[in-house]
Amino acid sequence: MIQPAARAYDARKSEPEIQAWWQTSDTYEKVKQLRSGARPWYFLDGPPYASGAIHLGTAWNKIIKDALLRYASMRGLNVLRQPGWDCHGLPIEVKVEEKLGIKTKKEIEQRVGVEKFIKRCKQWALDHVALMTEQFKRLGVWMDWDNPYVTFTNDFIESAWWTLKRAHERGLMRKDLRVIHWCPRCETALAEHEVRGEYYDVKDPSLFARFKLRDRPNEYLLVWTTTPWTLPADMAVCVHPEHAYARVAVGNEVYILAEALVEKVMKELGIEEYRVLDSKEGRGLRGLRYKHPLLGEVPKQSGYVQHHRVICGEHVTLEEGTGCVHTAPGHGEEDFAIGARHGLPVFSPVGPDGKFTQDAGKYRGMFVKDADRVILDDLRRKGVLMKHGVITHTYPHCWRCRTPLLFRATDQWFLSVSELKPKILEKNAERVRWVPDWAATRYVNGVESVGDWCISRQRYWGIPLPIWVCQRCRETIVIGSLEELKGAAKESIGEIDLHRPDVDRVTLRCGRCGAEAKRVPDVLDVWFDSGIASWASLGYPKRSERFEQLWPSEFITEGEDQVTKWFYSQQVVSVVAFDEMPYKIVLMHGFALDEHGRKMSKSRGNVIDPQEVIDKYGADVLRFYMLSAGPPWEDLRFGWKGVDIVARMLNVLWNVHVFATTYMALDEFDPKKIDLERVRENFMPEDSWMISRINSVTRDATEAFQKFDLHHAARTLASFVLEDLSRWYVRLVRERVWIERDDPRKLAAYVVLYQAIHTLVRLLAPIMPYVAEVMYRDMVKAADAGAPESVHMLPWPSIDERAIDAKLERGMSIVRAFVEGGAAVRQQAQLKLRWPVSKVLIRTSSSEAKSALRGLQGVLQGQLNCKELVLLGPGEQSAEFRLVTKPNTQRLQERLGRLSQPVIDTLQKMDVFRLGAEVQRYGFAGLQIEGQKVSISSEELSFEEELQEGFAAVSTEFGRIAIDSRMTPELQAECLARELVRRLQTMRKELDLAMEEQIDVVVGTEVDEYIKLLATQQDYLSREVRARNLRICRASEVEEPGYMKEWNVDGDRFKLLVKRLPA
RNA sequence: GGGCCCGUAGCUCAGCUUGGCUGGAGCGCUCGGCUGAUAACCGGGAGGUCCGGGGUUCGAAUCCCCGCGGGCCCA
């Protein structure tokens, strides 16, 4: 039996209840079971980082995934939805350091010990996995929460090792001295992609220095730099080979700099008197030797004097500086590259902690940025410094601790991405579908600009590099699994945890020379961890069955920042391991921003906690809001107003549900016992229309889901609920539902409502899983014990194309346009909607519109609340509402004189519509008057609408509508009756009467003629208020007992009495 | 400096792929209605240089070019 739904829907109460029920009845497992035999569909979850609570962006990400996965599951696919957790890496290390009060890297090894540190990191990750899992569950996200993939398990680590071994075997991994970004606080290298997006404005010194040439007296190279601390490592000065360089005389001295920059630089240096001596291409300067400015301070440089020369490089620009670029191969990427080409030594006298080493001579022990000042002083003292200022520019920072990064030359391990690039791009173009398609362009541009991937980190909490190096012959051994390690280890190791410090202790015997091999102490870049997720999460290579069945994954979706991160790292390692793409479809989604389009950040104080939204509105509203706010791939501006609108939509949806279940329950409607054929015979036009609509909506929503246009799916559903279901269908069937007998037309309305809601809850299920479940339970499950227990076990609704009647839908929208027009006329004429009118005239602007209305006149007339409806097509006239020709008498007389009168007579006799069409088409009309041809221009006549007295009219999209606003005694009686019904209903409600309960009523009025008028409405009144006896009399005759109330109805006083009947 | 995206009502966004009749919705504003779906709901109205300029076309919010402004990614 269908049960009347709760009066109001309280998501905050219902959602946890439903969730608990899902839990106890194991609904998710049952759904999985149902699809277990179907075609597998491998979704790969991009693992969120297991640190801290979820934010709005994380919530959106999972909401998108959940909606699509629920949809895919309803479409009958066996969806694989294992959640992942990214657990390694610096962010967790930093948190644990904070907790343990650790300030430097040394303390980890010396004070705390690596073992304890790792233990704490793992615990931190586990705690946050648990915390975030609960938050995702509350969002209604259905995934295998009890069986996630976690990047710190031995299995996962072994997958990484296996992949690295593949890379090694293919010659794609190598150790190299490289200048890379280095964080002096975390004391580790950072990869290119870790630095992306981490450029912030900083203030740095800006200085001009002069380097004295050795072979030309009083001649100098003029050099500009913002990093004085790199001068101790200076090896050469680079100029552009093709740009012109000038020799500029200032007093007795000559400066060399780019000709194009002479004026600008001299101005900046404050030199007004100077003379350009000559100028030649940069390549002409090649080989000029100069005296290193800090030769005395950095003794080590004395060994390099043969290198201190001018070299040429294409990377030199003339945008800033002097065109003479100070080059320190140990401290800059470009410097390193050009240095390598010219055989310059990589001198990098800076330690991991950012302090100068022994090699830096005088500056030894100073932190490099602190040394800036000392170096500046030295330069000034030595007459090298020409000018010293401050510049604001963007500079890379550590993404975890915001420390400005340094460039430092160190030994690191690299994946040779440059070799793989062509393959990556080729396979990507061939195999991967990007949504939206322009994301692919963005991706390809990104890939084209990247270099090799530095995968080593000098840290602790990560996958240890499985690389052992022989202490004698330097042979490199890469281990691919724990088994392999056991076999190669010098001593038996048993089941160890594959993290540091356990693996650090394992030593191998070198296969080549037999000496001891020790592990390289580095760990892996975490982006490698997540990169291998598509097979590591399947347990490959240890177990290959699932991998062979499922890989590559069908679908992934993450935020736009992942284009150059996870989307990329996955493709790289996948090509390393398999020469294939790891996923087939990738949906890029946007960022969650605040309502002004700014990034949410703690410092701005504009962060929205998803929990806050859930507490106020529930998860369904948050989900629907985030999915409907815009296309997934555009940034989402979060605004509370938008959330509130969704909440109201949900409320209307619920009201429809309450309406339907209330009356169905009252009439003990049983959808199982319906003779559909008989019901269909009793369909009203609006019933067929509703069936057509629900099928159109199913079609539209399905198409939208297929295209990942989640916003269109959501908006289609919202508009269906509000416009079609609530504002139109329920409005049309309301009266039918009041019929008390078992009327077949009422039954028809129930059947249609039932079918509409039954379909609707399935369409809504992926977006609003909670309320869909509740509605399904109240209406479908309650009536049919044999129905599946959860809406999420049902298949996606199919589309009945035959039920879609485009003409009917169009006709109905025309009806609605005229009903709205009618409301506008009534407002003009001050006629309440409740008051019936005697006549309405409609003239459609096209014959199509008129024919579309055929069959819907009843609906139209009912909603227009009129006694008579006259439907006119274009060109049809009626006495009350006609178009007439108005010739411009004065003009015609002036031009035609005597002839004007017959012309006017003729014009007025002509068919106004044909005349109008002719004038509109040609600009004039031709007549034959008394044997003469006369041409009438459009200025000489006009057309006017003539409305009969008492009528009012407005235009709509489909034509004009006119209403007779005159009142008759009969109409007045009806109006009065309706006013009284409304008030009696209020009184019923105040008495808290059950809907079907009967009453006795006495209506008292002070106006005698009303007694006569109302007598004609006796039946109507009784029926509407469910009165057994209804008496109409003078107000003074109304006597208690009963509930009595006085009312003012449009200026007249009434006394109404309602008597409750004994049960 | 480069790549990609965005710019439509006071606000948030549809429409643009495939050019065409009067450019839509919600919110807000304003006026009104309804009261057995009711801490709701419904209707009317006002409100637009479709970022600017040029081009293609009979016709441009839509296609092309150039600017301006914003976002993201990269230098």
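Just so it is clear: chains get the letters A, B, ... in the order the sequence lines come, proteins before strands, and each one is counted from 1.
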Distance, nearest 0.5 Å, that separates CE of A:Met779 from CD1 of A:Ile2: 5.5 Å
- prompt: Counting side-chain heavy atoms from C-beta on, which of B:rC4, B:rG36, B:rA37 comes nearest to A:Thr441?
  reply: B:rC4
message: Regarding A:Val444, tell me which of base, sugar-phosphate or nothing describes its non-hydrogen contacts under 4.0 Å with the strands shown.
response: nothing
message: Could you tell me how far B:rA75 sits from B:rG20 if I compare only their C1' atoms? Round to whole Å.
response: 45 Å
- request: Pick the P atom in B:rG53 and in B:rC68, then give their distance to the nearest Å.
  value: 15 Å
task: Could you list the residues that satisfy salt bridge (charged side-chain N to carboxylate O under 4.0 Å, His left out) with A:Glu990, not counting sequence neighbours?
output: A:Lys1045
- prompt: Looking at the side chain of A:Arg727, which of B:rG36, B:rC42, B:rC5 is the nearest nucleotide?
  reply: B:rC42
query: Which pairs count as ring-ring contact (aromatic ring centres under 6.0 Å, His included) when at least one residue sits in residues 703-727 of chain A, sequence neighbours excluded?
result: A:Tyr71-A:Phe705, A:Phe555-A:Phe708, A:Phe705-A:Trp796
Give me, pair by pair, the N or O atoms of the protein and of nucleotides 38-40 of chain B that are less than 3.5 Å apart, along with how far apart they are.
| from | atom 1 | to | atom 2 | distance (Å) |
| --- | --- | --- | --- | --- |
| B:rU38 | OP2 | A:Arg7 | NE | 3.4 |
| B:rA40 | O3' | A:Asn651 | ND2 | 3.3 |
| B:rA40 | O2' | A:Asn651 | ND2 | 3.0 |
| B:rA40 | O2' | A:Asn655 | ND2 | 3.4 |

query: If you look at every strand shown and take non-hydrogen atoms under 4.0 Å, does A:Gln985 touch a base, only sugar-phosphate, or nothing?
result: base
- prompt: Is A:Pro631 touching bases, backbone alone, or none of the nucleic acid, heavy atoms closer than 4.0 Å?
  reply: sugar-phosphate
query: Using a cut-off of less than 4.0 Å, is there contact between a side-chain N or O of A:Arg442 and OP1 or OP2 of B:rC73?
result: no
- prompt: Which of the following nucleotides, B:rG36, B:rU12, B:rG44, is nearest to the side chain of A:Leu993?
  reply: B:rG36
query: Which residues satisfy the side chain to side chain contact (heavy atoms under 4.5 Å, CB included) test with A:Asp644, sequence neighbours excluded?
result: A:Tyr617, A:Arg648
field: Whole-angstrom distance between B:rU12 and B:rU17, as gauged at atom P
entry: 25 Å
Phosphate OP1/OP2 of B:rG36 contacted by A:Arg988 side-chain N/O (<4.0 Å): no
message: Taking B:rC51 as the reference, what is the distance to B:rU38 when you measure between their P atoms (whole Å, please)?
response: 44 Å
task: Kindly point out which of B:rC72, B:rC13, B:rA37 is positioned nearest to the side chain of A:Phe659?
output: B:rA37
- prompt: Listed by chain and number, what are the salt bridge (charged side-chain N to carboxylate O under 4.0 Å, His left out) partners of A:Arg442, not counting sequence neighbours?
  reply: A:Glu560
query: Within the structure, does a side-chain N or O atom of A:His711 lie under 4.0 Å from either OP1 or OP2 of B:rU12?
result: no
task: Indicate, with a heavy-atom threshold strictly under 4.0 Å, whether A:Phe958 touches base, sugar-phosphate, or nothing.
output: nothing
List the atom pairs, with distances to 0.1 Å, where a side-chain N or O of residues 622-630 of chain A and a protein N or O form a donor-acceptor pair under 3.5 Å, not counting sequence neighbours.
| from | atom 1 | to | atom 2 | distance (Å) |
| --- | --- | --- | --- | --- |
| A:Arg623 | NE | A:Ile767 | O | 2.8 |
| A:Arg623 | NH1 | A:Asp66 | OD2 | 2.9 |
| A:Arg623 | NH1 | A:Leu139 | O | 2.9 |
| A:Arg623 | NH1 | A:Gly140 | O | 3.3 |
| A:Arg623 | NH2 | A:Asp66 | OD2 | 2.7 |
| A:Arg623 | NH2 | A:Pro766 | O | 2.9 |
| A:Tyr625 | OH | A:Arg637 | O | 3.1 |
| A:Tyr625 | OH | A:Gly639 | N | 3.0 |
| A:Ser628 | OG | A:Phe624 | O | 2.8 |
| A:Ser628 | OG | A:Tyr625 | O | 3.4 |

- request: Applying salt bridge (charged side-chain N to carboxylate O under 4.0 Å, His left out), name anything that partners A:Lys641, two or more places apart in sequence or on another chain.
  value: none
field: No-hydrogen, no-angle side-chain donor-acceptor test under 3.5 Å, A:Asp452 and A:Ser418
entry: yes
message: Nearest whole Å is fine: how far is B:rA37 P from A:Met664 CE?
response: 15 Å
query: Where the side chain of A:Thr564 is concerned, which of B:rC4, B:rG43, B:rC74 is the nearest nucleotide?
result: B:rC74
field: Length of the line joining A:Trp434:CH2 and B:rC4:C1', which is rounded to integer Å
entry: 12 Å
- prompt: Would you write out the dot-bracket form of RNA chain B, 5' to 3', with Watson-Crick and G-U pairs under 3.5 Å, [ ] for crossing pairs, | for pairs to other strands and . for unpaired bases?
  reply: (((((((..((((......[...)))).(((((.......))))).....(((((..]....)))))))))))).
- prompt: Atom OH of A:Tyr9 to atom P of B:rA37: distance rounded to whole Å?
  reply: 21 Å
field: B:rC16 to B:rC21 separation - P atoms, rounded to the nearest Å
entry: 13 Å
field: Separation of the P atoms in B:rC4 and B:rU22, to the nearest angstrom
entry: 36 Å
message: Rounding to an integer number of Å, can you tell me how far A:Leu650 CG sits from B:rC41 P?
response: 11 Å
Whole-angstrom distance between B:rG19 and B:rA60, as gauged at atom P: 13 Å
- prompt: C1' atom, B:rA9 versus B:rG15: distance in rounded Å?
  reply: 15 Å
Results of salt bridge (charged side-chain N to carboxylate O under 4.0 Å, His left out) for A:Arg693 - residues two or more places apart only: A:Asp724, A:Glu809
task: Could you tell me whether A:Ser726 contacts a base, only the sugar-phosphate backbone, or nothing, with contacts defined as non-hydrogen atoms closer than 4.0 Å?
output: base
query: With a non-hydrogen cut-off below 4.0 angstrom, is A:His657 in contact with a base, only sugar-phosphate, or nothing?
result: nothing
message: For a quick check under 3.5 Å, do A:Tyr443 and A:Asn428 share a side-chain donor-acceptor pair by atom type?
response: no
query: Where the side chain of A:Ala824 is concerned, which of B:rG36, B:rC13, B:rG44 is the nearest nucleotide?
result: B:rG44
- prompt: Can you check the A:Trp438 CH2 to B:rC5 P distance for me, whole Å?
  reply: 7 Å
